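Bear in mind the structure is a predicted one, so any value in this text is a computation, not a measurement. Naming: A, B, ... by sequence-line order, numbering from 1 per chain.
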Amino acid sequence: MSFEHGGGIDLERDLNPAQRAAVEAGDGAQLVIAGAGSGKTRTLVYRVAHLVAGGEAPESILLLTFTRKAAQEMLRRATQVLDERCARVAGGTFHSFANRTLRRYAERVGFSAGFTILDRSDAEDLVGILRSEAGFDRRERRFPRKNTILDLFSKRINTGRSLEQLLEEDYPHFADELRPLEELEGQYAARKRRQNVLDYDDLLVFLRQLLRDHEGVRRRLSATYRHVLVDEYQDTNKLQAHIAALLVSGHGNLMVVGDDAQSIYSFRGASFRNMLDFPKIFPGTTVTVLEQSYRSTQPILDLANGILAQAKDKYSKSLFTEVEGNEKPHFVRTPDDFAQARFIVRKVLELREEGVSLSKMAVLSRAAWHSNSLEVELGNANIPFRKFGGLRFVEAAHVKDVSAFLRLAVNPLDDAAWFRVLQLFEGVGPRTARDITAAVATAGGDLAALEAKPFATRRYAQDLKRLRKVLEALADDASKDDALAVDEKVAAVVAYYRPLLRRKYDDATRREGDLEALQVIAERYRSVERFLSDIALDPPEVARRDTPPDSEDEWLTVSTVHSAKGLEWHSVFVLNLTDGHFPSHRAMGDEDAYEEERRLLYVAATRAQQNLFLLHPEELPSRGGWGSPLAEVSPLLTEIEGFDDLVVEETFSPTADEDRWADADEADGPGSDRGLLARIDDYFGH
DNA sequence: GGGAATGCGTTTTTT
DNA sequence: ACGCATTCCC
């Protein structure tokens, strides 16, 4: 198409009337309620292109999205629609925007520009240190654990409720601990400030503070970003909504896009009420509703609408489509987990024979571990796949260890990093790590403290001495000519860390591979600070499962529903639709949580363009280990009115020769050579 | 007796 | 991978 090479945009041709209205709207506040697959991204892309085409400087447009990848993708598309100018539009997540802005204005909120960022587990470690310092770990009465404590602090910040309220509503059994928790919260804040570290919530809190309390800065930023666009607005929290509003306080040019029915992040304080309340903050808001789906067939939408019909609280909207196809979603019963995996393997191979590439198929689940046995079967059948969601590359213990060294080189006051690094040594546990950390802090970050009195005679004295040397080498002034590049620093850390790694893990070889990957990633960076903040805020995507190198471009997606947000595939499989897996048993007895499970299923179903398979294993290994209780069909499905008519029901059992011990070569059984063909293709290529 | 190492059971989602 | 409990070591 010619429009890809610039020369103006054809809104008439490329957009429907509702989309066009949103794209062409004038200045002011705008709310776009966009159903699944209704061209929400397209609308944002064209809006950006339209603004730039109309003469707006690209640098004065700010696009806030849920992941950095989403922003990059949109801006890439905008450059195709218009021209290269769109690549200069500012984009990223709220957190990365906060990071960039605070680096410039850190002093205004009592930090200095070199601050380091604590991810969730670092923050937990720090809370854990404070918790035991205060003696809460050795008390008679039960005291909340570090991750519960952090949940409380985080919810207070992100929802605006008070600690007292939160305890009462969500943790009544800890209601007596209000005082100590408040105290702990104060200490946590003070400690972070002293160490010049920020956690995820702080990035937002201090950005808001900066905007709210510093008029000059607010004006300058508001003048810099003359148009602010926010994607996935249903998954923003109060704090983020406040930040967006403050950012545009000078002009009111704010466009937010979202779908209340797809709000799936309330566990971290998000509220789709932000959508409902938006027009209250900005009277005169233009509201647009996008209801036509360009993604899914009508039978899939019928089911999706059916799921939503049960929802308690929503904007009403009803999706329709002109997409061709009348195949109803399949509701597939299998005897167990294993059969479920076999069904998927068989179906995936079958679809591929029909010409659907692996990259157009996805298997979605409620929780990352639900796909464990499937992954084994995919491996047996030689189906390349990539897994998204669950534990990430940079969250793996060995990667965290290496980045902790780098953090110390940048910021020797980072207690959480010390705590982690010190425990790598033989003879150092939580208690000793805490003492050494405290000694360094008292010395104001002077590494000489490592070789001072009490520790100099312990058996780990040599380790501390070497640690000091390594850290000093890393901290060498970056402006010097012979300073190490970022990847050289990573290499230096890895070389030092390797023996420690080998002592700690029996699968050290695999982990060393990850560290090599980390080194490659580091090559792209010119400063350790940047490298570290990206690791915390925009974790690089590294496939966690082996994909045969010759099929890099073609792999099946295995993902949590959360990580599938915003994406779509020709064929989608949803795993484990049983009472307790999807919905998660954790959501039982909590109406709001249960409603979120419903929206989650809605998101899963609306990822599908042509085929949707809902799987129900009738028997799953039970959680305790003993016995194998029958798994009831997910109430999320049985509650749907007319469910039986909305789906095609089928039962699948692997044939006898397809049993658990069957060799992969015989996996497709007699009478079928489809699987064989697929494997021949795999092996020889086309 | 304090603290480190070891083993066991459980596992929602993520910036 | 983590918390938790038990065992082991200095």
Side-chain angles (χ1 to χ4, degrees), chain A residues 64-70 92-99 117-121 123-125 128 132 137-138 142 144-148 150-151 154 157-158 198-204 232 235-237 239-240 263-270 364-370 372 388-392 394-400 422-435 458-460 503-505 507 533-539 559-565 576 580-588 590 593-594 596-597 599-601 603-604 621-626:
Chain A
L64 294 171
T65 54
F66 206 70
T67 62
R68 180 174 63 167
K69 209 172 116 205
T93 62
F94 273 92
H95 288 87
S96 67
F97 175 69
N99 175 50
I117 296 167
L118 301 182
D119 72 11
R120 172 72 191 209
S121 74
E124 274 179 18
D125 281 349
S132 52
D137 53 340
R138 295 193 55 84
R142 206 158 67 92
R145 304 181 197 163
K146 57 185 183 180
N147 83 75
T148 310
L150 209 59
D151 267 350
S154 185
I157 289 161
N158 289 299
L198 302 182
D199 66 18
Y200 287 145
D201 292 333
D202 291 332
L203 286 168
L204 301 180
E232 308 281 11
D235 283 323
T236 57
N237 59 41
L239 189 45
Q240 291 166 316
S263 161
I264 53 175
Y265 279 88
S266 70
F267 66 88
R268 79 181 203 209
L364 306 182
S365 65
R366 175 67 184 86
W369 60 273
H370 287 179
N372 286 351
F388 298 90
L391 199 73
R392 251 184 308 227
V394 296
E395 285 165 350
H398 50 294
V399 179
K400 289 221 58 149
L422 290 167
Q423 290 183 77
L424 292 168
F425 303 131
E426 212 149 12
V428 181
R431 180 56 213 250
T432 309
R434 226 174 69 199
D435 290 343
R458 304 285 164 81
R459 67 184 153 128
Y460 41 79
R503 188 177 73 85
K504 201 170 155 193
Y505 304 101
D507 61 342
S533 26
D534 269 13
I535 276 184
L537 299 175
D538 280 308
S559 173
T560 59
V561 180
H562 283 89
S563 297
K565 178 168 156 161
N576 289 359
H581 289 265
F582 199 166
S584 159
H585 73 279
R586 317 270 298 226
M588 300 307 187
D590 177 337
Y594 186 76
E596 183 142 310
E597 299 288 315
R599 294 190 295 268
L600 214 37
L601 180 59
V603 169
S622 76
R623 273 183 294 279
W626 265 93

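- With rounding to whole Å, A/His562 atom NE2 is found 9 Å from B/dT13 atom P.
- Put simply, CG on A/Asp590 is 17 Å from P on B/dT13, counting in whole angstrom units.
- Nearer the 5' end of DNA chain B, as judged by each residue's closest nucleotide, is the contact made by A/Gln423, out of A/Glu395 and A/Gln423.
- Comparing atom distances between the A/Ser563 side chain and each of B/dT14, B/dA4, B/dT15 picks out B/dT14 as nearest.
- A/Glu597 has its side chain within reach of A/Phe582: a pair of non-hydrogen atoms, C-beta onward, lies under 4.5 Å apart.
- By the side-chain hydrogen bond (donor to acceptor under 3.5 Å, both in side chains) test, A/Ser365 pairs with no residue at all, sequence neighbours left out.
- The CD1 atom of A/Ile264 sits 11 Å away from the P atom of B/dT15 (whole-angstrom rounding).
- Straight-line distance from the CG atom of A/Asn372 to the P atom of B/dT10: 16 Å, rounded to whole Å.
- The interatomic distance linking A/Glu596 (CD) with B/dT13 (C1') rounds to 8 Å, in whole Å.
- The residue among A/Tyr200 and A/Asp435 whose nearest nucleotide of DNA chain B lies closer to the 5′ end is A/Asp435.
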Evaluation steps, side chain to side chain contact (heavy atoms under 4.5 Å, CB included), between A/Val603 and A/His562:
CA-CA 9 Å; A/Val603 169; A/His562 283 89; over 6 Å; no

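- Boundaries of the chain A contact region on DNA chain C are C/dA1 to C/dC4, first to last in 5' to 3' order (nucleotide atom under 4.0 Å from a heavy atom).
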Could you walk me through whether A/Tyr460 and A/Thr432 pass the side chain to side chain contact (heavy atoms under 4.5 Å, CB included) test, one step at a time?
CA-CA 11 Å; A/Tyr460 41 79; A/Thr432 309; 3.0 Å; yes

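- Contact between the side-chain N/O atoms of A/Ser96 and the OP1/OP2 oxygens of B/dT15 is not found at any separation under 4.0 Å.
- A/Phe66 and A/Tyr265 have tilted rings, their planes meeting at an angle from 30° to 60° on a 0 to 90° scale.
- Nearest to the side-chain atoms of A/Pro430 among the listed nucleotides B/dT15, B/dA4, B/dT13 stands B/dA4.
- For A/His585, whose side chain is taken as the heavy atoms from C-beta onward, the closest listed nucleotide among B/dT11, B/dT15, B/dT13 is B/dT11.
- As a whole-Å value, the separation of A/Asn147 CG from B/dT14 P is 15 Å.
- The pair A/Arg268-A/Asp235 does not meet the salt-bridge criterion, since no charged nitrogen lies less than 4.0 angstrom from a carboxylate oxygen.
- Nucleic acid contact class of A/Tyr265 (heavy atoms, under 4.0 Å, all strands): sugar-phosphate only.
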Please walk me through it: do A/Gln240 and A/Leu64 pass side chain to side chain contact (heavy atoms under 4.5 Å, CB included)?
CA-CA 10 Å; A/Gln240 291 166 316; A/Leu64 294 171; over 6 Å; no

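- Scanning for side-chain hydrogen bond (donor to acceptor under 3.5 Å, both in side chains) contacts around A/Ser563 gives A/Thr560, with sequence neighbours left out.
- Candidate nucleotides B/dA5, B/dT13, B/dT15 were compared by shortest atom distance to the side chain of A/Thr560, and B/dT13 ranks first.
- Considering only side-chain atoms of A/Arg268, the nucleotide from B/dT13, B/dT15, B/dA4 that sits closest is B/dT15.
- Contact annotation for A/Lys565: no contact, since no heavy-atom pair falls under 4.0 Å across all strands.
- A/Asn576 places its CG atom 15 Å from the C1' atom of B/dT13, with the value rounded to the nearest Å.
- Centre separation under 5.5 Å together with a plane angle under 30° holds for the ring of A/Phe267 and the six-membered base ring of B/dT13, marking them as stacked.
- Nearest to the side-chain atoms of A/Arg392 among the listed nucleotides B/dA4, B/dT13, B/dT15 stands B/dT15.
- Rounded to whole Å, the distance from NE2 on A/His370 to C1' on B/dT11 is 9 Å.
- Using a 4.0 Å heavy-atom criterion, one finds that A/Arg586 contacts the bases of the nucleic acid, with or without backbone contacts as well.
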